[in-house]
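To start, the structure itself, in structure tokens.
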Number of protein chains: 2
Amino acid sequence: MIYSKWTSPVLWCLLHDGRLRFGELRVRLPRVTAKMLTQRLRQLERDGFVTRTHFDEVPPRVEYEATDLARSLAPVFTTLGEWSRRHFAEVEAARAAYKGPLVS
Amino acid sequence: MIYSKWTSPVLWCLLHDGRLRFGELRVRLPRVTAKMLTQRLRQLERDGFVTRTHFDEVPPRVEYEATDLARSLAPVFTTLGEWSRRHFAEVEAARAAYKGPLVS
DNA sequence: CAGCATCCACGAAGATACTG
DNA sequence: CAGTATCTTCGTGGATGCTG
């Protein structure tokens with residue numbers, strides 16, 4: 001999950017704002033393409049993190065919602081965020097002080 | 001960090017087993033190539049997570065060790081591990097039950 | 001509106017050969 | 001032993017066009 005670029009942002013939106021339509025997610029994540037958004041949502045659905053509800057209307061409406069399994073990730077997000085707030089400045093300091101060969 | 005394939009495994013070895021030589025890391029991570037191991041170690045050094053100690057001997061000896069900054073990541077590893085132990089079975093169950101289109 | 005199909009760009013990673 | 005150099009492979013992600 002973490003390894004894919006847009007999974008966390010998508011999940012974050014659904015955890016934070018509740019049930020959302022495809023287009024509403026696009027508004028919240030202006031840089032994501034429709035293709036990638038679809039791919040990530042399918043994967044999240046397959047893995048049990050979101051539910052997809054399709055309404056047979058015109059124009060079409062599809063809503064996505066985070067599951068309890070997704071909500072169980074809250075401590076992971078919290079711990080990562082805490083670490084970042086407390087320690088990321090040290091990373092930046094190390095980078096500024098680094099004198100060795102450039103990292104590819 | 002998480003986004004790169006070998007960063008976590010390398011860091012895990014150094015946090016778990018202490019100071020290690022380049023070759024000792026290769027033994028613990030048999031699938032990593034020397035090139036990638038070097039790249040990740042350089043990046044970890046640049047970002048302040050490991051120290052590199054070079055001994056001017058023949059044959060050469062280089063030792064890597066996790067810093068306090070690396071050790072500060074312990075809660076992140078713990079939380080992720082806890083989540084996995086408690087919930088990964090649910091992901092596998094969701095995958096087994098999934099009937100939709102295959103995810104690229 | 002919510003997508004799918006197609007093609008393309010790019011960077012991480014792998015394979016292999018060589019070296020101080 | 002601990003790398004470096006070079007080439008190739010692979011997969012994510014981006015851009016564009018089309019459709020029920």
Side-chain angles (χ1 to χ4, degrees), chain A residues 1-14 17-47 49-66 98-104, chain B residues 1-14 17-47 49-66 98-104:
Chain A
M1 279 177 50
I2 299 173
Y3 208 72
S4 195
K5 182 174 179 179
W6 291 106
T7 304
S8 298
V10 170
L11 207 49
W12 180 261
C13 287
L14 292 171
D17 296 346
R19 176 180 281 242
L20 292 174
R21 299 180 60 166
F22 189 85
E24 293 174 323
L25 279 166
R26 296 201 71 178
V27 171
R28 282 163 177 75
L29 303 169
R31 323 251 318 180
V32 74
T33 61
K35 177 188 144 189
M36 293 317 300
L37 185 54
T38 302
Q39 277 187 14
R40 292 309 125 229
L41 285 168
R42 286 286 177 284
Q43 189 177 20
L44 287 167
E45 188 191 0
R46 182 198 66 184
D47 294 349
F49 293 102
V50 308
T51 57
R52 178 178 186 274
T53 311
H54 172 261
F55 299 87
D56 212 336
E57 306 171 353
V58 187
R61 180 159 61 105
V62 178
E63 293 182 349
Y64 294 92
E65 188 172 19
Y98 179 72
K99 299 297 183 192
L102 290 183
V103 180
S104 58
Chain B
M1 279 178 48
I2 297 172
Y3 209 72
S4 196
K5 182 174 179 179
W6 292 106
T7 304
S8 299
V10 170
L11 208 48
W12 180 262
C13 288
L14 292 172
D17 295 346
R19 176 181 281 243
L20 291 174
R21 300 179 59 165
F22 189 85
E24 293 174 323
L25 279 166
R26 295 200 71 178
V27 171
R28 281 164 177 75
L29 304 169
R31 323 250 319 180
V32 74
T33 61
K35 177 187 143 189
M36 292 318 300
L37 186 53
T38 301
Q39 277 188 15
R40 290 311 124 227
L41 285 168
R42 288 286 178 283
Q43 189 177 11
L44 287 166
E45 188 190 359
R46 182 198 65 185
D47 294 349
F49 292 102
V50 308
T51 57
R52 179 178 185 273
T53 310
H54 172 261
F55 299 87
D56 211 336
E57 305 170 353
V58 188
R61 180 159 61 105
V62 178
E63 292 183 351
Y64 294 92
E65 189 172 19
Y98 180 71
K99 299 297 184 192
L102 290 183
V103 179
S104 58

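In the text below, chain A, chain B and the rest are named by the order of the sequence lines, each starting its count at 1.
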I would like to know whether B:Glu24 and B:Asp17 meet side chain to side chain contact (heavy atoms under 4.5 Å, CB included); could you show each step before the answer?
-> CA-CA 10 Å; B:Glu24 293 174 323; B:Asp17 295 346; over 6 Å; no
Which atoms of nucleotides 9-12 of chain D (N or O only) lie under 3.5 Å from a protein N or O atom, and what are those distances?
none

Evaluate side chain to side chain contact (heavy atoms under 4.5 Å, CB included) for A:Tyr3 paired with B:Lys5, printing each intermediate quantity in order.
-> CA-CA 8 Å; A:Tyr3 208 72; B:Lys5 182 174 179 179; 3.3 Å; yes
Going through the checks in order, is the side chain to side chain contact (heavy atoms under 4.5 Å, CB included) test met by B:Val10 and B:Val50?
-> CA-CA 10 Å; B:Val10 170; B:Val50 308; 5.9 Å; no
For residues 29-43 of chain A, the salt bridge (Lys or Arg N to Asp or Glu O under 4.0 Å) pairs (sequence neighbours left out) are none
Validate the cation-pi geometry between B:Arg61 and B:Phe55: distance from NZ or CZ to the six-membered ring centre under 6.0 Å, angle to the ring axis within 45°.
-> yes
Does the side chain of B:Leu41 reach to within under 4.5 Å of the side chain of B:Leu25, using non-hydrogen atoms?
-> yes
Which whole-number value in Å describes the distance from B:Glu57 CD to D:dG3 C1'?
-> 16 Å
Side-chain N or O of B:Arg21 less than 4.0 angstrom from OP1 or OP2 on D:dC1?
-> no
Which parts of nucleotides 15-20 of chain D does protein reach within less than 4.0 Å, heavy atoms only, written one letter per nucleotide 5' to 3' as B for base, S for sugar-phosphate only and - for none?
-> B----B
Looking only at non-hydrogen atoms, find the nearest pair between A:Val32 and A:Leu37 and report the distance.
-> CG2-N, 3.9 Å
Rounded to whole Å, the CG-P distance (B:Asp56 to D:dC1) equals 17 Å
With heavy atoms under 4.0 Å as the rule, sort B:Arg26 into base, sugar-phosphate or nothing.
-> nothing
DNA chain C: B:Val32 or B:Pro101, which has the more 5' nearest nucleotide?
-> B:Pro101
So where does chain B start and stop touching DNA chain C, 5' to 3', when the test is distance under 4.0 Å to a non-hydrogen atom?
-> C:dA13 to C:dG20
Indicate the ring-plane relationship of B:Phe22 and B:Tyr64, choosing parallel, tilted or perpendicular according to the 30° and 60° boundaries.
-> tilted
What is the distance, rounded to the nearest whole Å, between atom CD of B:Glu63 and atom P of D:dA2?
-> 9 Å
Salt bridge (Lys or Arg N to Asp or Glu O under 4.0 Å) partners of A:Arg26, counting only residues at least two apart = none
Contacts of type salt bridge (Lys or Arg N to Asp or Glu O under 4.0 Å), residue A:Glu65, not counting sequence neighbours = A:Arg19
Give a yes or no on whether A:Trp6 atom CH2 has more than 12 heavy-atom contacts from other residues, nucleotides or ligands under 6.0 Å away.
-> yes
Check every strand shown and say whether B:Tyr64 touches a base, only sugar-phosphate, or nothing at a heavy-atom separation below 4.0 Å.
-> sugar-phosphate
